[in-house]
Protein chains: 2
Amino acid sequence: MPFEYEYARPALTTDSVVFGLDDEDLKLLLIRRNLPPFEGGWALPGGFVRVGESVDEGARRELDEEAGVRVSFLEQLYTFGEPDRDPREHVVTVAYFALVNLIDHPPVAATDASDAAWFGLADIPELAFDHKTIVEKAFERLQGKLRYEPIGFELLPTKFSLTDLQKLYERILNRELDKRNFRKKVIAMGILRDLNELQQDVAHRAARLYSFDEPTYRKLQKDGFNFEL
Amino acid sequence: MPFEYEYARPALTTDSVVFGLDDEDLKLLLIRRNLPPFEGGWALPGGFVRVGESVDEGARRELDEEAGVRVSFLEQLYTFGEPDRDPREHVVTVAYFALVNLIDHPPVAATDASDAAWFGLADIPELAFDHKTIVEKAFERLQGKLRYEPIGFELLPTKFSLTDLQKLYERILNRELDKRNFRKKVIAMGILRDLNELQQDVAHRAARLYSFDEPTYRKLQKDGFNFEL
DNA sequence: TCAAAAGTGTTCATCTTACACCCATGG
DNA sequence: CCATGGGTGTAAGATGAACACTTTTGA
């Protein structure tokens, strides 16, 4: 036992709630635990923070190691510090909230032994520790942020139709939106670039394709513009 | 050195940004450090999280021990985990954001040797570690939350006038508000109880006093009402 | 020619903003 | 009687919500 301290220290981990959109369905990334406790059960990807790496780096490293996932969006969610949340000892976890684009970057096989899998939000199995609470909090955050920040684009392919975008909002917010009003609002914001391209190989009238114009968004944001949908 | 672990662990602390309103000026609570590093300098109240206590409890305990302050509102702000934020070693801190009512509960002398003091936001001295960053983030949070959650009342005495409330908003948001529109909006929300009392000992027409009607607020909130000012 | 989704404007109600004067009180 | 802040309404503009039909394309 080479590491000694004058006072007892809680262990420090990260756990990440990674959402992805797969064929227009919202999915959650889980890994199967191959160690006790909860051996064989499903849990959020995560692990111990190393001394000398930032907590954010730790979260990214664990995602890469456990699931081979490079996320496009990662932010802190909340720190869970109840002493009994891990049966072994006092483990404080910094939870993260992440979005990946499963369409442009489809998942590859997990790099180490543990297997990783994507679950529809309705089909989430029992989770280890307090991970259910963490997932719930992350989903609330996703719903909240979606309306006030342009994070939905992180889940879509670079080129998308207005209907794709609307479906995304409807699925995550869990309510229907008016097509005309939605289009009016999103176009009026001026943060979409019309690519003058059409969908290919669809059995109906092809939709125009757009991309998120991030530079323009940043410019508008500086001038006090607020995204809201 | 009685505590040994198989892997190195970062230290875990809390730091709290406590705001109070004093004679209608927003103040920040700081303590003077009596140990290196930054000995004699000002810093946020906080300290090590003990094994077996929740991180929230740790934050409250440190506030009580270092400044004798019982806060009415405390919530997590952010976890700062850069490995170089403390010159001694890797210290991860869970930062908290707290509000106290300095008018109904004026500060008492600090309980232990360290001295605590309230600083106007414009007069904040140099701070130890990355505490300046933490304070900035907390102030942004205060400004953001103030508009969408009824947290301003935590800073006011139980009985206040509409002008008191408006001044609070103007000071924190740093812009002027229209008196008539402000009153219309806040009255229309139906979350203020008119106490049918008047200010005493003022050298002008006395204002009506109100209190925040929290039960009604909670009821409205359940029915999907959203506070916004 | 049919099915399936794309695309497009107007109206009404609501909310937001701007704005100025009289009132009550104590000194 | 004057200085100080308390208290009040209206009109114009902006925003949000409801709503239905025509167009394009491939099968």
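Each chain gets a letter, A, B and so on, in the order its sequence line appears, and its residues count up from 1. Every heavy atom of this structure was used, including side-chain atoms; hydrogens, water molecules and symmetry mates were not.
When heavy atoms are screened at a 4.0 angstrom cut-off, B/Asp201 is found touching no nucleic acid atom at all. Among the protein residues, B/Arg183 comes within range of the nucleic acid bases, having at least one heavy atom under 4.0 Å from a base atom.
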When you look at A/Ser72 and A/Asn101, which way does the side-chain hydrogen bond (donor to acceptor under 3.5 Å, both in side chains) test go after all the steps? CA-CA 7 Å; A/Ser72 46; A/Asn101 179 334; over 6 Å; no
Start with the C-alpha gap between A/Leu168 and A/Asp164, add the side-chain angles, then the distance that decides, and say whether side chain to side chain contact (heavy atoms under 4.5 Å, CB included) holds. CA-CA 6 Å; A/Leu168 165 73; A/Asp164 291 340; over 6 Å; no
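Among the nucleotides C/dT16, C/dG27, D/dG5, the one closest to the side chain of B/Lys185 is C/dT16. With distances taken from any side-chain atom of B/Asp178 to the nucleotides D/dA18, C/dC19, D/dT8, the minimum falls on C/dC19. When each of C/dC23, D/dG16, C/dG7 is scored by its nearest atom to the side-chain atoms of A/Arg208, the top-ranked nucleotide is C/dG7. Between C/dC19, C/dG9, C/dG7, one nucleotide has an atom nearer to the side chain of B/Arg180 than all others, and that is C/dC19. When distances are taken from the side chain of B/Ala207 to each of C/dG27, D/dA27, D/dG6, the shortest belongs to D/dG6. Nearest to the side chain of A/Thr163, among D/dA27, C/dA6, D/dG6, sits C/dA6.
With rounding to whole Å, A/Glu228 atom CD is found 15 Å from C/dC15 atom P. Between the CZ atom of A/Phe182 and the C1' atom of D/dG16 there is a distance of 15 Å, given to the nearest Å. The NZ atom of A/Lys179 sits 16 Å away from the P atom of D/dC19 (whole-angstrom rounding). Note: CG (A/Leu165) to C1' (C/dA6) measures 15 Å, nearest angstrom. Look at NE2 on B/His204: it is 9 Å from C1' on C/dT25, rounded to the nearest Å. The distance between atom CG of B/Leu192 and atom C1' of D/dG7, rounded to the nearest whole Å, is 15 Å. Between A/Lys184 atom NZ and D/dG16 atom C1' there is a gap of 9 Å when expressed in whole angstrom units. One atom, CG of A/Leu177, and another, C1' of D/dA18, lie 14 Å apart when rounded to the nearest Å.
Between A/Phe129 and A/His131, the ring-plane angle classifies as tilted under the 30° and 60° cut-offs.
Taking the nucleotide of DNA chain C with the nearest heavy atom to each of A/Ala206 and A/Asn181, the more 5' of the two is matched to A/Ala206.
Evaluated for a side-chain hydrogen bond (donor to acceptor under 3.5 Å, both in side chains) with B/Thr93, the options B/Asp130, B/Thr79, B/Asp15 yield exactly one hit, B/Asp15.
Ring centroids of A/Phe227 and A/Phe225 are separated by 6.0 Å or more, keeping the two rings apart.
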